[in-house]
Amino acid sequence: MIAIVDCNSFYASCERVFRPDLDGKPIVVLSNNDGCVIARSAEAKKYQIPMAAPAFKFEHIFKHYGINVFSSNYALYGDLSNRVMNILSDMSPETEVYSIDEAFLNLDGIPDGDLRDHCLKMKKRVRQWVGIPISTGVAPTKTLAKVANKIAKKYPQLNGVHIIDSEDLRIKALKFLPVGDLWGIGRRHKERLIKLGVKNAYQFTLLPEEWVKKNMTVVGLRLLKELKGQRMHDFELVAPKKKAIAITRSFPKTTFDIETLQENISIYASVCGEKLRKQGSDANVMQVFLRTSRFKDPAEQRAVQLTVDLEYPTNSSMELASYAQRMMDRLYKDGYGYGKAGVITMGLTPTANRQATMFSESNPKHVVAMEAMDRYNRKDAAGAIRLASNGTGKRWRMRQEKLSPRYTTRIDDCITVKAS
DNA sequence: TCTGGGGTCCTAGGACCC
DNA sequence: TCTGGGGTCCTAGGACCC
C-alpha cells in the first residue's frame with residue numbers, strides 16, 4: 001500500500017507552532033510582497049476567504065474577524081518541513097518527498113491489519129515532535145491514496161486517516177469525490193467533464209479509455225487507470241535534478257527606471273547561479289523577461305522576453321548576471337511602468353561533465369570565487385558577499401510587514417523573541 | 001497604493017534530413 | 001489528372017501541480 005501524508009494548512013500551522021496563543025484562531029499567510037493569500041487555517045476558511053485572494057481586498061475582513069495575518073517565512077517552513085519528512089522516513093521503508101508539505105510513503109512490510117495504527121502513530125509523533133497536524137490517505141495507487149487523503153480531511157471522525165483497501169471502499173470514495181478535486185484534473189478539464197455530465201470521480205472512471213486518451217492525453221489515461229487500481233506512477237526515491245531554474249519577481253511597486261531593473265535582474269541571475277551550483281548544474285540557455293503589471297491599463301501593457309544560447313555552459317553568478325544585464329538592456333524601453341521581471345536558466349547540464357569548447361570556456365577563476373562566496377554565505381550570512389551589480393539591496397526589499405521570526409534557523413531572531 | 005513563485009509533462013506543427 | 005516516404009529534433013503553448 002501507498003500512503004500520501006500531507007500537512008494541514010501547512011504554512012498556517014507552521015506559524016502556530018511558535019504561537020500557541022493562536023490555537024483555534026484564524027490565520028492566513030500571504031505571498032511575496034504580502035500580495036495574495038496562499039494559506040488559510042481551518043478557522044480562516046470558514047470566513048470564505050478564497051485561495052489566492054488579493055490581500056488588499058480582504059483587509060476589512062481580516063480586521064473585522066480578527067484574522068491573524070503573516071507574511072510568508074520560507075526559512076521557517078522549509079526547516080519544519082525537513083523535520084516532518086525526517087520523522088516520516090524513519091517510520092516507513094521508502095519515502096518520496098513530493099512537495100514542501102507532502103510525502104508519498106511505501107508501506108510495504110506493514111501488515112494490513114496494522115496500517116491504521118501505524119498511520120495514527122505517525123500522526124501523533126509528528127504532532128508531538130514538530131507541532132504540525134497531518135492527514136494520511138492509504139491505497140494501492142498514488143492517485144487513490146490522494147483520494148483517500150481528501151476523505152480523511154473531510155470526515156473528522158476518521159481522525160485524519162483513511163484507508164481504501166477494498167473494492168467497496170474504492171467505489172464509495174470515488175462517488176464522494178467531485179471530479180474537479182481529482183489529482184490531475186484542473187480548471188479546464190473540470191469544465192469539459194462537467195459539461196459531459198461527469199460530476200464525480202466514479203463517473204470519470206466509467207469513461208472509455210479512447211476518449212480520455214484523445215481528449216486528455218496519456219496523462220488523463222494514467223489517471224483513469226490509477227483510479228481503477230492499476231499502478232502507473234512509481235516511487236521516485238531520489239529527487240531528480242531540476243531541468244530549469246528560475247527566479248522571477250513582482251515588484252512591490254512599478255518602476256520606470258532602468259537602473260532599478262538592472263539591479264534586480266542581476267540579483268535574480270546571481271541567485272540562479274547559486275541554485276545551479278547547489279545542484280551541480282550549468283546553464284546553457286538563459287531567458288529574461290520584463291513586463292508591466294497585468295492589472296494596469298491594458299493600453300499601457302508591454303511584455304517582452306529574450307532567450308539566448310550561452311557561449312559555453314556556466315554557473316558563475318558573474319557570467320550569468322552579465323548576460324542578464326545585457327539582455328535587460330535590449331528589452332528595456334522607456335516610458336512603461338514595469339511590474340515584474342525574471343531570469344530563467346535552462347538547458348542544464350552537469351557541471352561535472354563540463355566540456356572544454358574549442359574557442360572559449362567559463363573563466364576557471366570564477367569557480368574558485370563562487371566556491372568561496374557560497375561557503376561564506378552559507379555560514380549564516382546569506383547575501384553577505386554579492387556582486388557589485390546587485391546594488392546595495394536596500395532599495396528594493398520585498399514588502400513583508402507581518403514576518404514572523406525564523407525561530408528555528410536564526411540565532412538573532414531567537415534572541416529577539418526572548419528579549420520581547 | 002496594493003493582485004505570488006517555481007516547476008513538470010505532453011502535443012502539434014515547423015524545420016530539417018536522407 | 002497526376003508531384004514520395006519516413007524520420008528526428010526543437011519549440012511554443014496548454015494543462016497541470018503545490
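Letters A, B, ... mirror the listed sequences (proteins, then strands); counts begin at 1. Every value quoted in this text rests on a predicted model; they were computed, and no experiment measured them.
Both cation-pi conditions hold for Arg291(A) and Phe289(A): the charged atom is under 6.0 angstrom from the six-membered ring centre and inside a 45 degree cone around its axis.
Between Arg378(A) and Asp374(A), none of the side-chain N atoms (NZ, or NE/NH1/NH2) sits under 4.0 Å from a carboxylate O, so this pair counts as no salt bridge. Under 4.0 Å is where a charged nitrogen must lie from a carboxylate oxygen, and between Asp181(A) and Lys190(A) no such pair does.
Heavy atoms of Asp34(A) sit nowhere under 4.0 angstrom from any nucleic acid atom. Residue contacts shown for Ile245(A) are limited to sugar-phosphate atoms, with no base heavy atom under 4.0 Å away. Residue Lys296(A) is in sugar-phosphate contact alone, with no base atom involved, counting any heavy-atom pair closer than 4.0 Å across all strands shown. Within 4.0 Å of Lys213(A), counting heavy atoms only, lies no atom of the nucleic acid at all. Nucleic acid contact for Ile344(A): none, since no nucleic acid atom lies under 4.0 Å from a heavy atom of the residue. Using a 4.0 Å heavy-atom cutoff across all strands shown, Ile100(A) reaches no nucleic acid atom at all.
Listed in residue order, the members of residues 51-64 of chain A having a heavy atom less than 4.0 Å from DNA chain B are Pro54(A), Phe56(A). If you check residues 215-235 of chain A against DNA chain B, the residues with a heavy atom closer than 4.0 Å are Thr217(A), Val218(A), Val219(A), Arg222(A), listed by number.
Side-chain rings of Phe62(A) and Phe56(A) stay apart, their centers remaining 6.0 Å or farther from each other. Residues Tyr11(A) and Tyr74(A) bring their aromatic ring centres within 6.0 Å.
Aromatic ring orientation, Phe104(A) versus Phe235(A): perpendicular (interplanar angle above 60°, classes split at 30° and 60°).
If you run salt bridge (Lys or Arg N to Asp or Glu O under 4.0 Å) between Asp282(A) and each of Lys275(A), Lys241(A), Arg277(A), Arg354(A), only Arg354(A) comes through.
The closest side-chain heavy-atom distance from Val29(A) to Tyr77(A) is below 4.5 Å.
Side chain of Arg125(A) to main chain of Met91(A): no donor-acceptor pair is present (N/O by atom type, distance under 3.5 Å, no hydrogens or angles).
Of the two residues near DNA chain B, Ile38(A) and Ala246(A), the one whose nearest nucleotide lies more 5' is Ile38(A). Residues Arg294(A) and Lys275(A) each lie close to DNA chain B; by heavy-atom proximity, the contact nearer the 5' end of the strand is made by Arg294(A).
Residues Glu274(A) and Asn377(A) bring no donor and acceptor atom of their side chains to less than 3.5 Å of each other.
Boundaries of the chain A contact region on DNA chain C are dA15(C) to dC18(C), first to last in 5' to 3' order (nucleotide atom under 4.0 Å from a heavy atom).
Closest approach of Gln325(A) and Ser389(A) over heavy atoms only: OE1-CB, 3.7 Å.
By the side-chain hydrogen bond (donor to acceptor under 3.5 Å, both in side chains) test, Ser13(A) pairs with no residue at all, sequence neighbours left out. For the salt bridge (charged side-chain N to carboxylate O under 4.0 Å, His left out) test, residues two or more places apart in sequence or in another chain that qualify with Lys142(A) are Glu96(A).
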Revision key, fill the gap. Applying the Watson-Crick and G-U criteria (both distances under 3.5 angstrom) with [ ] for crossing and | for other-strand pairs, one obtains for DNA chain B ....||||||||||||||

